[in-house]
Amino acid sequence: MKSGETRSVNWRWAAAFIALAALAESVLLGIRNYWLFVASNGHVISADYSIFRFASVLFWRGDWATLFDPALFIAAHARFDDAPPVIAAFPYPPSGVWFILPLAALPNFPGLFLWLALTFAAFAWAICRRHGRWPAAALALLLAPGSLINISYGQNGFLAAALLCGGLLLLEESPLLAGLLIGLLSFKPQLGLLLPFVLIAGGHYRALIAAAITTAVLLLASLWLFGTSGWMEYISGTMAMQRSTLQSATGAMVMTMPSVLVAGRMLGLPLAVDYGLQGAAGLLAVGGAVWAFRRRSVALPVKAAVVMVGAFLASPYFSTSDLCILAAAQVILLSRYRALSPMEYALHALIWVLPMLTAALGPAHIPLGSMILLAFFGLLLKRLASEENTASPGARLAAPLPADRAAP
């Protein structure tokens, strides 16, 4: 095949690749969760869900000092769930407590199942509701390595993905609902760094206003309930701990994170240089996302996919469970491609297994993850640019399938 040529997507090979990656990831995560279950004497099967559930318990007890103080939280959680000391504190701001309030009322394992099932259902609905082959798309999302990590940890990656992806994909159809979802994402502000820029660039002002109001309501409600002390504890305790972890920790939680700042740390660069590189990646992500949103000829789902990928270039700090958002971007893009170049095939495969690659190479200080993200983002922008400058059928984004059209 000549350089630059494309070939039709082979969905059977893609399905086999997804199945093998899912099987390998499931075995590794299953071993890890079994160790955690044994180490906690049968109390904990998903580490992060255990944190969320205990945070809910503290809320209903009114013990907010413990909730927002990392040292107190870790010690109290170890007594409550017989948890190993490696389990961390509640990592979210006071305005993010609302999402976990019902968990204290549910038994441990049924609560975990409902937490994952409901948040995945919202995530899958946001991505698959207009997909021509929605059962296959939903299964692909469920088997993505980032999703399996989210399930293993009981994390909120599905919730964050539902809010980010749903907010972006609803911008034209229901801007006020889109803004509401984007505002709710403020519990993980690091994933929404691009959103104000693209909303302005795309002229989505109603969504921008709705997002600002939603964020303000969450903030004011948390101030009314917790007062300023909750926020001061969060800023001086949790935020300081997260910043210290990002800048100096060498554990798996940081070294498996494919951010540009962490890549600089892996290479042993001065911290100021690391932040400079992260800033440059952020500017690249903002520029690329704004450029895409200003293109009238580009369909909204493709613009949304650009932001989903760019979000991980812009942010220095995120969880590997959040990488299920990358799988959502791939489902969107591949449903609209008629053909891929060999480079696109390779990068799509690498992005799909990115959580597995970072888990394997991160502890060895090999910063491959951030390089894959940069390459994939650049290739996506290049493809969009070529769509505006060429009429070649082989390089064109496929027209939306009938199921992608607006519902009557």
Side-chain angles (χ1 to χ4, degrees), residues 48 51-52 68 70 88-100 119 123 146 149-150 153 155-168 181-199 211-212 214-215 218-219 222 231 234-235 237-247 249 253-265 271 274-286 288-289 304 306-326 328-329 354-355 358 369-370 373-374 377:
D48 293 342
I51 292 171
F52 301 153
F68 298 116
F90 183 69
Y92 301 108
S95 59
V97 170
W98 313 110
F99 296 99
I100 50 91
T119 53
F123 172 39
I149 289 174
N150 184 77
Y153 281 76
Q155 252 287 356
N156 55 33
F158 291 152
L159 175 61
L163 297 176
L164 176 62
C165 302
L168 289 167
L181 297 178
I182 290 171
L184 292 175
L185 185 63
S186 59
F187 87 98
K188 267 192 174 181
Q190 67 270 31
L191 294 180
L193 298 177
L194 302 182
L195 296 178
F197 301 99
V198 300
L199 293 180
T214 302
T215 303
L218 289 175
L219 174 61
S222 67
W231 277 95
Y234 170 72
I235 293 170
T238 303
M239 284 189 67
M241 181 186 68
Q242 291 173 338
R243 184 170 58 252
S244 175
T245 298
L246 182 64
Q247 294 179 171
M253 186 182 76
V254 176
M255 289 300 133
T256 59
M257 188 187 307
S259 76
V260 173
L261 189 147
V262 171
R265 284 199 51 209
L271 191 59
D274 298 340
Y275 275 107
L277 291 173
Q278 182 61 61
L283 289 175
L284 173 64
V286 169
V306 172
V307 176
M308 293 174 201
V309 178
F312 295 101
L313 288 178
S315 175
Y317 188 91
F318 48 84
S319 170
T320 50
S321 62
D322 295 325
L323 296 179
C324 60
I325 294 171
L326 291 178
L354 184 63
T358 56
S370 57
L373 275 172
L374 282 165
F377 189 71

Inter-residue atom distance [X].[atom1] - [Y].[atom2], 0.5 Å rounding:
X: Gln190; Y: Ser259; atom1: CD; atom2: OG; result: 11.0 Å
X: Leu284; Y: Leu374; atom1: CG; atom2: CG; result: 6.5 Å
X: Leu246; Y: Met257; atom1: CG; atom2: CE; result: 6.0 Å

Which heavy-atom pair separates [X] from [Y] by the least distance, and what is that distance?
X: Arg265; Y: Thr245; answer: NH1-O, 3.8 Å
X: Cys324; Y: Phe123; answer: O-CZ, 3.6 Å
X: Leu218; Y: Gly183; answer: CD1-O, 3.9 Å
X: Pro258; Y: Leu354; answer: CG-CD2, 4.2 Å
X: Ala311; Y: Leu191; answer: CB-O, 3.8 Å
X: Leu194; Y: Val307; answer: CD1-O, 3.9 Å

Is it true that a side-chain atom of Thr358 and a backbone atom of Thr256 form a donor plus acceptor pair closer than 3.5 Å? yes
Short question: side chain of Ser222, backbone of Leu219 - any donor-acceptor pair under 3.5 Å? yes
State, yes or no, whether a side-chain contact exists between [X] and [Y] at a heavy-atom distance under 4.5 Å.
X: Pro316; Y: Val262; answer: no
X: Ile182; Y: Leu199; answer: yes
X: Met308; Y: Leu326; answer: no

Centroid-centroid distance, Tyr92 to Phe187, less than 6.0 Å: yes
Please work out which of the three classes, parallel, tilted or perpendicular, describes the rings of Phe312 and Phe318, given edges at 30° and 60°. perpendicular
Give me the ring orientation class for Phe52 and Phe90: parallel if the planes are under 30° apart, tilted from 30 to 60°, perpendicular past 60°. perpendicular
Start with the C-alpha gap between Leu185 and Leu195, add the side-chain angles, then the distance that decides, and say whether side-chain contact (heavy atoms from CB on, under 4.5 Å) holds. CA-CA 10 Å; Leu185 185 63; Leu195 296 178; 4.0 Å; yes
Mind checking what makes side chain to side chain contact (heavy atoms under 4.5 Å, CB included) contact with Thr215, not counting sequence neighbours? Ser186
Holding to side chain to side chain contact (heavy atoms under 4.5 Å, CB included), I want the full list of residues that pass it with Ile235, two or more places apart in sequence or in another chain. Met239
Applying side-chain contact (heavy atoms from CB on, under 4.5 Å), run through Thr214 and Leu184 and close with a yes or a no. CA-CA 7 Å; Thr214 302; Leu184 292 175; 4.0 Å; yes
Under the criterion side chain to side chain donor-acceptor pair (under 3.5 Å), I'd like the reasoning laid out for Gln155 against Asp48: C-alpha separation, chi angles, the key distance, then a yes or no. CA-CA 6 Å; Gln155 252 287 356; Asp48 293 342; 3.0 Å; yes
Indicate whether the side chain of Gln278 and that of Tyr317 have a donor and an acceptor atom separated by less than 3.5 Å. no
Does atom OH of Tyr153 have more than 12 heavy-atom neighbours, drawn from other residues, nucleotides or ligands, at distances under 6.0 Å? no
Should we count CZ of Phe197 as having more than 12 external heavy atoms under 6.0 Å? no
Qualifying residues under salt bridge (Lys or Arg N to Asp or Glu O under 4.0 Å), relative to Asp274, sequence neighbours excluded: none
Report the residue from Ile325, Leu163, Thr119, Asp322 that forms a side-chain contact (heavy atoms from CB on, under 4.5 Å) with Phe158. Thr119
Residues Phe99, Leu159; criterion side-chain contact (heavy atoms from CB on, under 4.5 Å); working and verdict: CA-CA 9 Å; Phe99 296 99; Leu159 175 61; 3.7 Å; yes
